[in-house]
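All of these numbers come straight from a predicted model, not from anything done at the bench.
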Amino acid sequence: MDVYNILLFATSILNFILGVLIFSRSAKKAVNLSYAGVCFFVGLWAFVLAMFRYTSDLKQALWWMKFSYMAATGLACSLLYFVLHFPNGKKLKWNKKIFIFIPAIAIFFFLFAPTFLTKDVIVQPWGKDVILGNWEKIIFALYFVTFFFGSTVIIWYKHKYASGVMRVQLLYILLGLSVPGTFGIFFNLVLPFIGNHKLIWLGPPFSVFMVAMIAYAIVVHRLMDIKLVMRKYSVYLSSLSVIILAAIGIKYVFDRYLALYTDWADFFILLAAISVFLPIKNYFYHLANRYFFSSLYDARQVIVSLSDKLRSTLEVEKIYQFISDTLTNAFHVKALGILNYDEKNQSFGILYNRGFNTFGQTVFPNDPELFKLFLAPGESVIVEELKQTHYEKHRFIIDLLMKLKVEIITPLNLKDKTIGLIVLSAKESGDMYNEEDLQVLKAVGSQAAIAIENALLYEESRKFGIRLEKEVEKATRDLRKANAQLKKLDQAKSDFISIASHQLRTPLTVIKGYISMMLEGNFGELTEPEKDSLEKIYESNERLINLVENLLNISRIESGRLQFDFKQVDLAKMAASVVEELAGNAKKKNLILEYQPPAKPLPKLKLDEEKIRQVVMNLVDNA
């Protein structure tokens, strides 16, 4: 197997991988399905040409060449189908589908005839040559050129009248189609048309340029919504492209000027390609992160750092500042705002603003339909994409966002409740927000929602405490008049304890659940220091849960709502279970905790087991 065949097989693999990635992202979308078809047929085209060059059996070579023209037929058909669907994936009318598929089906059918188009394969001094039928090759050339240039014209027309990110996506598709299409037609149609099949293998490698352009549009400009798995694919693609082009050039030099060493050339070229692949790949990783993907931040570090900061304060203004600093440093945005959601009035109010010109407006209306579609499920919304898909029905709110120069909106969701929004402007670099950015914003939105809600509750309780103190001071001046008022305040205090305890119990239970899952290894193996730290956190969380439960019991006692469940209980058995539960804590502290059962069985007593057990638990735990 020579270098040419290796290049063809590499081209085939690259196209198949890209096709699978796009198809797996959304197999039901016509845009994704049709472009996956383009990638498949380009990959098949490269593969069968490699097999044509590789096989020594002329009959097999003839059939491989037939498959080559079948792949080219499918490529032209799927390409036109793709450009007609892109970008909105609208259904095509039946007459357009007939125009696309009937010619392709007809050519497929006739190609199975032994003498249609590919008549015979002969051996020339430079390799195998294909004899084509005169009128058949004219028909095929007209078919392919019409479909390919028709596709290019349609993309050019759509690009001319598009705007925003769609115009950029169309530009990269146009570039990606023009270069490989021009060279492919030259090497695989024009030269064979005049009887020169020596260079037909050069057509498919130029499809690498198309793959590179589409991959760049996918990663940087969110084409077809492919996730950032394309980043590594793009790096490998760029590395292989450089190596492939260099190998072609070196092989040409050997064939042209060093004919005596051609037997060893393939081996040395392959060895050199393997040895330089890793440094070239590392260089493209650096280049991609520095200039293309705007991913100079560590997503995990951003989330962890913000989490540490948010835990350090309950002052809401500091929380706003932490969120702003973190996202500004990560994305280098021009402006950032935080809004709260007033469910009663169906509106958003400004809590924090850095850089946005709101034109004096502090309250903004809500769009219930967009709210239900995007914000309630917790999805970030890119305004440009929203404009492309929902502009006609939601013109007012989208125009308002465009006027304010809002680029992306991230909801602050707490469970199934939206408490506000984080709004960001465009990046200083002008880059689009990519999939990794959206994942970071989703995590930040979840953390920020909890922190802001806790801070607002804390501020509310602090203000309540201040008001309570003032009321008490005022009430003590006249005890007789204040008696009724004190009862109301006492009830308010009990309600506050009950509400606060309930609000604390929910996040504490969630924390307990996540720590348990981490200790059980659901998120991966833990080192001993990590496991020890998590166990300490778990124990502290348990104490907080017990404290909250005690607060709830106090609230119930004071409000007369404490309930008792009296039944016959074996006190000795209950005490033994308490000792068993606390044995682990005692052992960690090097304490001896033993249970000595009574000599004779104790009679069962009628009591509330839960509450008496809590008494025994407190006695042993305190000891």
More than 12 heavy atoms of other residues, nucleotides or ligands under 6.0 Å from [atom1] of [X]: is that the case?
X	atom1	value
F523	CZ	yes
Y157	OH	no
F110	CZ	no
Y514	OH	no
F99	CZ	no

Distance check, rounded to the nearest 0.5 Å: [X] atom [atom1] versus [Y] atom [atom2]?
X	Y	atom1	atom2	value
D367	R395	CG	CZ	13.5 Å
K387	E392	NZ	CD	11.0 Å
L306	N329	CG	CG	11.0 Å
I155	L79	CD1	CG	8.0 Å
K66	F52	NZ	CZ	12.5 Å
Q60	W63	CD	CH2	12.0 Å

Discussion item. Would you call the rings of Y433 and F331 parallel, tilted or perpendicular, taking 30° and 60° as the class edges?
Written reply: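 Correct class here is perpendicular.
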Give a yes or no on whether the backbone of [Y] and the side-chain of [X] come within a donor-acceptor separation of less than 3.5 Å.
X	Y	result
T146	L142	yes
N413	S446	no
S68	W64	no
K158	V83	yes
S305	V302	no
S78	L75	yes

Check: [Y] and [X] side chains under 4.5 Å, non-hydrogen atoms:
X	Y	value
F67	L44	no
I398	M402	yes
I397	L400	yes
F374	H390	yes
I408	V381	no
V276	V242	no
L58	L62	no
L327	I422	yes

Heavy-atom closest contact ([X] atom, [Y] atom, distance):
X	Y	result
K334	K427	CE-O, 3.8 Å
S380	T410	OG-OG1, 3.0 Å
G43	S12	O-OG, 2.9 Å
I409	V423	CG1-CG1, 4.1 Å
F82	S34	CA-OG, 3.2 Å

Worksheet item: Centroid-to-centroid, F16 to F47, below 6.0 Å?
Response: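 No, too far apart.
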Worksheet entry | Residue pair E379, L375: steps toward the side chain to side chain contact (heavy atoms under 4.5 Å, CB included) verdict | CA-CA 6 Å; E379 297 295 329; L375 303 183; over 6 Å; no
Worksheet item: side chain to side chain contact (heavy atoms under 4.5 Å, CB included) between I154 and L84: does it pass, once the steps are laid out?
Response: CA-CA 7 Å; I154 292 170; L84 287 173; 3.6 Å; yes
Worksheet entry | Check: S425/E407 side-chain N/O donor and acceptor closer than 3.5 Å |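 Note: S425 and E407 side chains miss the donor-acceptor criterion.
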Discussion item. Exactly one of Y143, F144, F149 should register a ring-ring contact (aromatic ring centres under 6.0 Å, His included) with F147. Which one does?
Written reply: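 Checked Y143, F144, F149 against F147; only one passes ring-ring contact (aromatic ring centres under 6.0 Å, His included): Y143.
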